[in-house]
Amino acid sequence: MARGKKSAPKAARAKQKKVTKKTAPKRVAKKAPARKASAKSAARPVKYVYSFGGGRADGNAKQKNLLGGKGANLAEMASLGLPVPPGFSISTELCTYYYDHGRRYPEILDNQVRRAVAKVEKIMGKKFGDADNPLLVSVRSGARVSMPGMMDTVLNLGMNDTTIKGLAKASGNERFAWDSYRRFVQMYGDVVLGMKPEDKTQSDPFEGLIEAKKEARGIENDLDLTTDDLRELVAEFKSMVKKSTGKTFPEDPWEQLWGAVGAVFGSWMNDRAITYRRLYDIPADWGTAVNVQAMVFGNLGDDCATGVAFTRDPGNGEKAFYGEFLINAQGEDVVAGTRTPQKATLVASRIVAKASGMTEAKRKKLAPSLEELMPKAYRELRKIASTLEKHYRDMQDIEFTIERDRLFMLQTRNGKRTAASALKIACDMVKEKLIDTNTAVRRVEPAALDALLHPQVDPKAAKDVLAKGLPASPGAAAGEIVFNADDAAEAGKEGRKTILVRVETSPEDIHGMHAAEGILTARGGATSHAAVVGRGMGKPCVVGCAALRIDYKAETMRVGDRVLRAGDSITLDGATGEIFVGLVPTVDPELSGDFGKLMKWADKIRTMKVRANADTPHDAAVAREFGAEGIGLCRTEHMFFDGDRIDAVREMILADDESGRRKALAKILPMQKKDFIGIFKAMEGLPVTVRLLDPPLHEFLPHTDKEITDLAHKIGVKPKLLREKRDSLHELNPMLGHRGCRLGVTFPEIYEIQVRAIMEATCELSRKKVKVIPEIMIPLVGVDKELERLRGLAIEVAEAVKKEYRARVSYSVGTMIEVPRAAITADEVAEHADFYSFGTNDLTQMTMGLSRDDAGKFLPYYVETGILGTDPFVSLDQTGVGFLVEHAVRKAREVKKGLKCGICGEHGGDPSSVIFCHKVGLDYVSCSPFRIPIARLAAAHAALGA
Ligand code: PEP
Ligand code: MG
């Protein structure tokens, strides 16, 4: 399996490279297809190209499916009259066409693109390929949803030996022109011509030439390369391209453009993008758009800048403009995290300077704010940010460039945010009357709540602070240090917890970032790749820890004279940016304030109840605090293991006959009753579903010979007898063996005593005026007759207890639907049930024929390679297992209208499964206490029609 896993990406890479090289010349046409939609449009050629700029646009923000998120928002900004460099988007429909037609374009595309370029030329007053005043463009991807850094981009396109002269003249800066040319050849060579390092040990071939040049010149910094150096580098780059690819670097801007367009479409199918889509459930057939846009330059000199800003703080949600920028730089420099950016606002600049012990004078010199450096552009940026936030009624993540003091907007989108900030922003925007409560509920992803519900670093714990970086994504994460993504992924497979430590991360690291508990980088700001991806994944993340010296080769990280090695433990606090040596204890989160408010809104919206799976009074109490509306599954076997009672359980198992079993069970009865009293009290007034014994009896016996001998001595029997019993209970396939209701059928006294314990606890509490709503649940029913018989038994015992106590309590008897046959014959089974609870763990196991215990050996590979979309034990297999659930609910309610139906498998806390449960009409979901808020919010999303 390992071989297969490793070889797959390599093969894909090779294929990718071959294809991108061929795309440009393959621009052969077929007849333009007619759009399927209407007869009227069938006559017209399909519009693939949508222009924007000069105060108008063909598209708008609603057309994300067609134009991608970036293209749609660029169109919207252009229509709002904001300063957007003109350009055009080639639609996602073309991406679909491209892949459906062997990576070819329709004939009409050429004309549409030429017309769109002409519009850009007109607005800019420049010409594509012109020797005097050349138009340069950027070519970027843009899917419906943001996939940061996963696909390819080419900047400065249109540069060649002729246009370089024009650019040098127009910019009045020859070095800048050659640097732009150098960047273009490098980017194009990498992205379009596939000149990348072959594996992680090799360095980038272009960077290799730059390093060699710097060494030859005796300089360290890229900025010290002279115009002549850059001119030479361009020539060296081109000859390397010729040598490696056998082709001359394209001079024709149109050939360059088609090459870049093909590469961007091609990058939709690269390994990174495929991994990202899998992680975030993005369908491959959505495709990407390509955005071609006039270049504006943030790197023409010190009156230029480029940056990223959020209209509110994406880390904590504070209503404060939050921006970072670099003077004299291109956008990629900010995102790549290769230079640590400066703060846009004076306030933030001062806070950061203070934290790092910088004097005000030093700050002004080394890291002044945009507010101080370019006040006019800054003011305009603030105004636009506020316009955009009001327009979109959501926090915006914007990219801007300032060219010679003139501000340009390159992008806006709804900003990614931490769970904590999503919550705060949603609640604040309701207060500000920007959105209603339903929208606020929709804005918080149920799964993201997990980060809020997770423990934080214990403020009282003793800590050994190693260093401090920038807090980029909150939560505590502890684990062993790994220095590359592959090691993190490997460790993850072995169940080891890791912290991925990198100088900076790149999209190539996505699999390792996913596998690690937390991410730490030495470089980069809050908008660097690591920060953005970490937040998106809800992973604790600390970035820009400048004190950190990382040596990949030696696998060490150093802060001052302290050295930590791969395998050493560290803890990150993603909320403060602190890094601690060792594993630091954590504390539970706070569940009031905005969290409580949002939960209340969600509770008003949802129609499904949320219960907890809890087996102890403590868990029941925790569950209630999280908002549980009852217990959906109390597994009684856990009570059998506690303290001395395991001895009585074993005595029962070892008994030769019924009377021996009854004797032992009599010892268990008071203990179980006590447990039930505790749980019922904690859940006063709410239903509690108690499941009768489910696991096979051998699970209660020791297994090794040593354990058997010890137990034999303890209970005074011969070890031989114990061994014989163990062997007689052995089953080849215990999950399909003597368990669940089959135990009840063959040893009715076990269920009898359990029902008695439940009912005595109920009656005793009822005398104390504690309202108990017990639901007795029979597990693993496959045939209606099993339930008929055991229901009869349960009622007989329950009525007898009621009589003894002279109590007027009510109770119900139902079953779990875990065996496919029970689901299929749900109408027959329902005759004997007061309620159904879907045990989707077993139902998944039996429907898919996947062992819950053994599937781990191959299931991850199935998910990784796309045979299964997700792990069916995590997220319900809606078409297969879900089909049975839906069928069973419908069939059962045909004979028992309104039969109460719930789910108590692990899926009850999985957002997409919860939404499914709502759709098929379940009355409640039941999940572990910590997932209750997630289920409550998911149920609200379901009711809102998510
Ligand atoms: C189930 O099978 O879904 C269930 C809840 O029971 P258990 O996990 O205890 O088998
Ligand atoms: Mg089960």
Side-chain angles (χ1 to χ4, degrees), residues 147-150 200 272 275-276 279-280 314-315 334-338 340 416-421 448 450-451 454-457 466-493 496-552 555-557 559 564 566-581 583-584 586:
M147 293 170 58
M150 296 300 131
K200 67 178 181 184
R272 302 194 303 261
T275 305
Y276 192 91
L279 292 178
Y280 292 94
V334 181
V335 182
T338 41
T340 300
K416 281 195 194 294
R417 58 205 83 177
T418 60
S421 90
D450 214 18
H454 273 305
Q456 307 289 322
V457 167
L466 178 72
K468 194 165 175 203
L470 304 173
S473 179
E480 59 184 85
I481 298 168
V482 287
F483 289 104
N484 68 66
D486 288 347
D487 290 351
E490 277 306 312
K493 278 183 209 148
R496 286 186 289 129
K497 296 186 168 172
T498 56
I499 303 292
L500 179 62
V501 181
R502 301 285 298 164
V503 174
E504 68 214 7
T505 62
S506 77
E508 259 95 16
D509 295 324
I510 183 98
H511 61 300
M513 297 171 82
H514 189 67
E517 297 295 305
I519 299 143
L520 168 62
T521 67
R523 282 207 209 130
T527 47
S528 66
H529 179 263
V532 171
V533 174
R535 272 200 295 277
M537 286 180 173
K539 296 244 156 174
C541 180
V542 176
V543 298
C545 179
L548 210 59
R549 296 279 168 276
I550 297 170
D551 183 339
Y552 287 141
E555 298 212 300
T556 57
M557 56 182 248
V559 175
L564 295 179
D568 290 347
S569 296
I570 52 169
T571 301
L572 303 182
D573 185 337
T576 64
E578 285 168 304
I579 303 145
F580 310 105
V581 178
L583 304 174
V584 180
T586 54

In Å, rounded to the nearest 0.5 Å, how long is the span from [atom1] of [X] to [atom2] of [Y]?
X    : Y    : atom1 : atom2 : answer
L572 : L500 : CG    : CG    : 10.0 Å
I499 : T571 : CD1   : OG1   : 7.0 Å
M147 : R272 : CE    : CZ    : 9.5 Å
M513 : T275 : CE    : OG1   : 13.0 Å
I481 : D487 : CD1   : CG    : 12.5 Å
E490 : D486 : CD    : CG    : 7.5 Å

Just by distance, do the side chain of [X] and the backbone of [Y] share a donor-acceptor pair under 3.5 Å?
X    : Y    : value
T498 : E480 : no
R549 : A546 : yes
D509 : G512 : no
K539 : A516 : yes
S569 : L583 : no
S421 : G315 : no

Non-hydrogen atoms of [X] and [Y] that approach each other most closely:
X    : Y    : answer
V543 : A530 : CG1-CB, 3.9 Å
A448 : A419 : O-CB, 3.0 Å
M557 : L548 : CE-CD1, 3.8 Å
I570 : V581 : CG2-CA, 4.4 Å
Y552 : F483 : CE2-O, 3.7 Å
C545 : A467 : SG-CB, 3.7 Å

- Query: Can you list the steps and then say if L564 with L466 is a side chain to side chain contact (heavy atoms under 4.5 Å, CB included)?
  - Reply: CA-CA 10 Å; L564 295 179; L466 178 72; 3.8 Å; yes
- With a 4.0 Å cut-off, would you call E504 and R523 a salt bridge?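 Result for this pair is yes, salt bridge flagged.
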- Query: Are any of the side-chain heavy atoms of V542 and I579 separated by less than 4.5 Å?
  - Reply: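 The answer is yes, as the side chains (C-beta and beyond) meet within the 4.5 Å cut-off.
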- Message: Working note: N484 + R502, criterion side chain to side chain contact (heavy atoms under 4.5 Å, CB included); need CA distance, chi angles, decisive distance, verdict.
- Response: CA-CA 7 Å; N484 68 66; R502 301 285 298 164; 3.7 Å; yes
- Message: Run T521 and V503 through side chain to side chain contact (heavy atoms under 4.5 Å, CB included) and show every step you take.
- Response: CA-CA 5 Å; T521 67; V503 174; over 6 Å; no
